[in-house]
Structure formats: structure tokens, C-alpha cells
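Report on one structure; see the data block that follows.
Nothing fancy with the numbering, it's 1 onward along the sequence.
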Amino acid sequence: MSELERVAPAFVEMAHRIVWGVTATVGADGRPRTRVLHPIWEWDGERLTGWIATSPRSPKAGDLAHQPEVSITYWAPDQDTCTVDAHAVWELELEQKRAGWARFAEGPPPVGYDPSIIPGWDGPESDAFGILRLEPRWLRVLPGTLLIRGEGELLTWRAG
């Protein structure tokens, strides 16, 4: 079993349980910026892919035009944390946006939601709606029990 095969399922389980992740980008001025987002992650047994529904008009779009990388950390009150560093790619063709819209509208609870609740997102055809595909480069899964009681295992993976 590869390291990714060990880490990715644990990452998806924890990220989807926590739901909200603090997401950092870096602007053209070199300064970091954070916001709270909730990606949907898909593990197909070989590849982990993340998806974020967001606006290509947002401040993060400007940051990603400069540096197409994100770092996302999830934290739960029991001290469970998981982090991903990923390359971000806009999916802005209509068919990609439709697939992304459906991915969130039909997504598993608690990460799935109706994208039309966001003002200005009337459907996948909206210019204000976009999808970011995340291609992980590094993962870390740290169960809170490891910090609190010394029980559990730190899982990490880095792309070759």
C-alpha cells in the first residue's frame, strides 16, 4: 500500500467531518490571506482531488492568478487537524461548472449544499460562479489523541 493510499482516506474522513477549513493564498504583494471554505474531496483509490465552489471575481482569484497554490487546515475542538497544500486550477468551462455545481448540490452531508444559496449564484451559467480543482502536493493528518494522550499516528504524504 502506498503512502497516499494510507493518508488520503484518513484525510478525506477528517476533512469532511470537520467541514470548514482555513484556506490561505498569497497575493501579488507577497502577503498571505486567509478565508474559511469547505471543499469537497474525492478519493478514487489512486488520486485525491479537491473541489471548491467559489467566484472567479473574488479576491482569492487575484491571489491565485499570481500564485496558484493554496494551503488548507481543518481543526476540530478535539484537536484533530489535517492540512493540505495544493495546486489550484480554475474549471470555468460551462460543462466543468455544471459538473461542479452538481458535485456540491448532490454532495454528501455535511459538505454538500445548494450553491444557489450564495447571492449571485443563480446557476452554473452565472459568471460569478466558478470551480477550483485542487491537486494536492502535501497532506498531513494529525489526530488530537496523539497530542493529548500520545495515542494515534501522524500521517503525512508528499507528491513525488
Side-chain angles (χ1 to χ4, degrees), residues 1-27 30-56 58-64 67-91 99-119 121 129-160:
M1 173 181 293
S2 75
E3 212 47 39
L4 182 59
E5 290 171 316
R6 285 180 14 95
V7 178
F11 173 83
V12 172
E13 184 282 321
M14 188 179 287
H16 281 193
R17 178 171 38 87
I18 296 171
V19 181
W20 297 97
V22 176
T23 305
T25 57
V26 176
R31 294 183 179 169
R33 292 177 182 82
T34 61
R35 73 276 294 148
V36 178
L37 301 172
H38 75 286
I40 288 181
W41 294 95
E42 296 175 339
W43 169 246
D44 68 6
E46 294 180 16
R47 177 176 295 175
L48 178 64
T49 306
W51 306 96
I52 298 174
T54 189
S55 176
S58 68
K60 85 178 78 56
D63 292 352
L64 293 171
Q67 178 70 30
E69 302 290 327
V70 298
S71 184
I72 304 170
T73 295
Y74 298 84
W75 172 84
D78 64 1
Q79 304 308 318
D80 281 352
T81 61
C82 59
T83 301
V84 57
D85 292 346
H87 182 73
V89 178
W90 284 103
E91 301 259 334
W101 185 279
R103 184 175 286 111
F104 281 88
E106 300 165 10
V111 292
Y113 69 94
D114 178 0
S116 68
I117 65 171
I118 306 297
W121 291 5
F129 176 77
I131 293 289
L132 279 175
R133 177 173 37 89
L134 305 178
E135 301 168 350
R137 297 180 295 100
W138 179 78
L139 298 170
R140 182 185 69 189
V141 179
L142 177 61
T145 55
L146 187 60
L147 292 172
I148 296 167
R149 296 190 302 271
E151 299 170 358
E153 181 182 7
L154 172 66
L155 300 173
T156 60
W157 168 83
R158 182 174 306 279

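The shortest heavy-atom contact between P136 and A159 is O-CB, 4.5 Å. Here the closest non-hydrogen pair linking G130 and P56 is N-CD, 3.7 Å. Closest approach of P9 and W43 over heavy atoms only: CG-NE1, 3.6 Å. What you find for Y113 and A53 is that their closest heavy atoms are OH-CB, 3.5 Å. For A88 against L134, the heavy-atom pair with the smallest separation is CB-CD2, 3.9 Å. Of all heavy-atom pairs spanning T34 and A24, the tightest one is CG2-CB, 4.0 Å.
Between R103 and E91 there is no salt bridge, since no side-chain nitrogen of the basic residue lies less than 4.0 Å from a carboxylate oxygen of the acidic one.
Within a 6.0 Å sphere centred on CD of E151, other residues, nucleotides and ligands contribute more than 12 heavy atoms. Surrounding CZ of R33 are more than 12 heavy atoms belonging to other residues, nucleotides or ligands, all under 6.0 Å away.
Considering OH of Y74 and CE of M14, their distance stands at 11.5 Å, rounded to 0.5 Å. Residue F129 holds its CZ atom at 6.0 Å from CH2 of W101, rounded to the nearest 0.5 Å. Rounding to the nearest 0.5 Å gives a distance of 10.0 Å between CZ of R158 and CG of L139. If you take CG on D114 and CZ on F104, they are separated by 12.5 Å, rounding to the nearest 0.5 Å. Atom NE2 of H38 is separated from atom CD1 of I72 by 11.5 Å, given to the nearest 0.5 angstrom. Atom CZ of R137 and atom CH2 of W157 lie 9.5 Å apart (nearest 0.5 Å).
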Stepwise side-chain contact (heavy atoms from CB on, under 4.5 Å) check, L37 with K60:
CA-CA 11 Å; L37 301 172; K60 85 178 78 56; 3.8 Å; yes

Begin with the C-alpha distance, continue with both residues' side-chain angles, and end with the deciding distance and a verdict on side chain to side chain donor-acceptor pair (under 3.5 Å) for T73 and R140.
CA-CA 9 Å; T73 295; R140 182 185 69 189; 5.4 Å; no

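Between L132 and the choices V70, V89, I52, the side-chain contact (heavy atoms from CB on, under 4.5 Å) rule is met once, by I52. When each of V84, L4, L155 is tested with F11 by the rule side-chain contact (heavy atoms from CB on, under 4.5 Å), just one qualifies, namely V84. Partner of T25 under the side-chain hydrogen bond (donor to acceptor under 3.5 Å, both in side chains) criterion, out of E69, Q67, R35: R35 alone.
Counting only distance, with no hydrogens or angles, the side chain of H16 and the backbone of I40 share no donor-acceptor pair below 3.5 Å. For the pair D85 (side chain) and S71 (backbone), a donor-acceptor distance under 3.5 Å is absent. Of the possible polar contacts, none joining the T49 side chain to the R47 backbone as a donor-acceptor pair under 3.5 Å is found.
Taking 4.5 Å as the limit, some side-chain heavy atom of P68 sits within range of a side-chain heavy atom of H87.
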